[in-house]
There are 2 protein chains.
Amino acid sequence: MISFDSFVMEDGSPIYMQILLYIKRGIVAGKILHDDELPSRRLLSSLLGVNPNTVQKAYKLLEDEGLIRSQTGAASTMCLDENKIEFVRRDLLERDTRNVIRTMRQMGVTQEQAIRLIERFWNEVES
Amino acid sequence: MISFDSFVMEDGSPIYMQILLYIKRGIVAGKILHDDELPSRRLLSSLLGVNPNTVQKAYKLLEDEGLIRSQTGAASTMCLDENKIEFVRRDLLERDTRNVIRTMRQMGVTQEQAIRLIERFWNEVES
DNA sequence: GCAACTGTATCGGTCTTATAATACACTTAA
DNA sequence: TTAAGTGTATTATAAGACCGATACAGTTGC
């Protein structure tokens with residue numbers, strides 16, 4: 001059963017999107033593996049204190065991407081392979097990187113300054 | 001008059017927020033200076049193809065932060081000093097950096113890999 | 001004074017997000 | 001078999017974000 005212990009709710013983005021990204025980042029980190037079982041909609045909604053429909057929306061989007069397999073009556077499971085994992089990695093990691101580079105350049109930051117910023121803050125940020 | 005030539009509209013975030021961030025990044029980059037005149041709400045809304053209220057919302061938020069001075073009848077002007085600029089720099093640069101570090105660590109990326117990502121994509125991203 | 005420009009305020013419509021309350025079909029385990 | 005758990009779907013409601021249209025008030029320049 002995939003754990004949501006380290007899930008922290010933040011405001012600013014929709015809850016269903018936070019759930020979706022939590023799972024995708026777990027995939028990229030190698031913490032979530034093929035055939036892993038997901039908590040049921042009702043259980044996870046209870047754990048997070050949100051409406052079951054909100055969890056369903058996240059799961060539905062993941063199923064539309066082919067990352068989750070669901071069949072009525074049984075627990076939903078992760079449906080992964082090397083190609084899918086690599087696709088998610090690119091989608092998350094490279095898009096994040098490009099975005100932060102774009103905004104930094106708009107602020108006149110050089111590559112060297114950007115790297116120095118990463119080095120300076122890397123150990124400050126709590127995981 | 002502050003130029004919006006390099007402003008590119010993107011979807012995904014509110015227009016008023018894109019306008020606000022465009023100005024703040026211009027401040028950090030040193031392209032926007034104290035006493036610089038802003039285009040009027042109606043002119044900028046016409047340039048960007050949006051409603052004057054959308055521009056007004058961005059300007060209003062900047063005025064609430066003390067970065068813009070507005071008086072009815074006259075053009076709004078930038079209202080900056082060293083402290084304000086430094087505050088905006090920290091607010092934008094450090095928050096962006098912390099955010100990208102947090103998500104990268106959630107994906108199991110090491111500091112060395114993060115720096116390598118920055119180096120690899122730095123010259124690819126169009127400004 | 002008047003026209004044209006400034007900033008400001010208000011109202012309303014549309015969409016997204018989140019919630020709630022159901023209902024139904026299927027699977028599993030007691 | 002039956003009860004409890006699965007996934008799925010529908011409808012309604014509420015709140016907020018976002019944007020558009022409009023009106024009003026002050027300044028400037030002719």
Side-chain angles (χ1 to χ4, degrees), chain A residues 1-4 7-24 32 34-80, chain B residues 1-4 7-24 32 34-80:
Chain A
M1 171 86 78
I2 294 174
S3 165
F4 277 77
F7 182 90
V8 281
M9 189 108 81
E10 302 172 4
D11 37 28
S13 71
I15 301 173
Y16 76 89
M17 190 59 66
Q18 296 180 42
I19 297 172
L20 184 145
L21 286 178
Y22 178 86
I23 294 175
K24 283 193 174 183
I32 294 178
H34 180 67
D35 274 340
D36 277 356
E37 283 194 359
L38 289 147
S40 78
R41 277 75 165 164
R42 291 173 179 84
L43 173 58
L44 183 55
S45 71
S46 170
L47 288 175
L48 303 183
V50 300
N51 192 276
N53 292 338
T54 304
V55 178
Q56 164 64 5
K57 186 164 186 175
Y59 281 18
K60 178 66 165 54
L61 288 173
L62 288 167
E63 192 184 3
D64 289 344
E65 295 189 55
L67 302 176
I68 282 182
R69 201 174 354 186
S70 298
Q71 48 182 336
T72 159
S76 297
T77 57
M78 300 305 303
C79 182
L80 304 174
Chain B
M1 172 88 78
I2 294 174
S3 165
F4 277 77
F7 182 89
V8 280
M9 188 109 79
E10 301 173 4
D11 39 27
S13 71
I15 300 174
Y16 76 90
M17 189 59 65
Q18 297 181 42
I19 297 172
L20 184 145
L21 286 177
Y22 178 86
I23 294 174
K24 283 194 173 182
I32 294 179
H34 179 67
D35 274 339
D36 277 356
E37 284 194 358
L38 290 146
S40 78
R41 277 75 165 162
R42 290 173 179 81
L43 172 58
L44 182 53
S45 70
S46 170
L47 288 175
L48 304 184
V50 301
N51 192 276
N53 291 338
T54 304
V55 179
Q56 163 65 6
K57 184 162 189 177
Y59 281 18
K60 178 67 165 53
L61 289 172
L62 288 167
E63 192 183 4
D64 290 343
E65 294 188 56
L67 301 176
I68 282 181
R69 203 175 351 186
S70 296
Q71 46 182 339
T72 159
S76 298
T77 57
M78 299 304 303
C79 182
L80 303 174

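None of these values were measured; they are calculated from a predicted model.
Side-chain atoms of I2(A) and I23(A), non-hydrogen and from C-beta on, never get closer than 4.5 Å to each other. Counting heavy atoms from C-beta on, the side chains of Q56(A) and N51(A) never come closer than 4.5 Å. Using a 4.5 Å heavy-atom cutoff, the side chains of L67(A) and Y59(A) are not in contact.
Neither OP1 nor OP2 of dT27(D) sits under 4.0 Å from any side-chain N or O of T72(B). For the pair S76(A) and dG7(D), the criterion of a side-chain N or O lying under 4.0 Å from OP1 or OP2 is met.
Note on E37(A): nothing from the nucleic acid sits closer than 4.0 angstrom, heavy atoms only. Residue contacts for Y16(A): at a heavy-atom cut-off of 4.0 Å it reaches the sugar-phosphate backbone alone, with no base atom in range.
Protein atom CG of D11(A) is 11 Å distant from nucleotide atom P of dA18(C), rounded to whole Å. In this structure, the CD atom of Q56(A) is 14 Å from the P atom of dA18(C), given to the nearest Å. Taking atom CZ of residue R69(B) and atom P of nucleotide dT6(C), one finds them 19 Å apart after rounding to whole Å. Note: NZ (K57(B)) to P (dG20(D)) measures 12 Å, nearest angstrom. A straight line from CG of L43(A) to P of dT6(D) spans 7 Å, rounded to a whole angstrom. Atom-to-atom, OH of Y59(B) to C1' of dT8(C) comes out at 15 Å; the value is rounded to the nearest Å.
For D64(A), the CG atom counts as densely surrounded, since its 6.0 Å shell holds more than 12 non-hydrogen atoms of other residues, nucleotides or ligands.
Q18(B) places a side-chain N or O within 3.5 Å of a backbone atom of E10(B) that can act as its donor or acceptor partner.
Each of dC19(D), dA9(D), dT8(D) was ranked by its minimum atom distance to the side chain of E63(A); first place goes to dT8(D). Comparing dT6(D), dT17(C), dT8(D) by their nearest atom to the side chain of S40(A) picks out dT6(D). Nearest to the side chain of N53(A), among dG20(D), dT10(D), dG7(D), sits dT10(D).
Residue R42(B) places a side-chain atom within donor-acceptor reach of the base of dG7(C), judged by atom type and a 3.5 Å distance cut-off alone. Residue-to-nucleotide contacts include no donor-acceptor pair under 3.5 Å from the side chain of N51(A) to the base of dA21(C).
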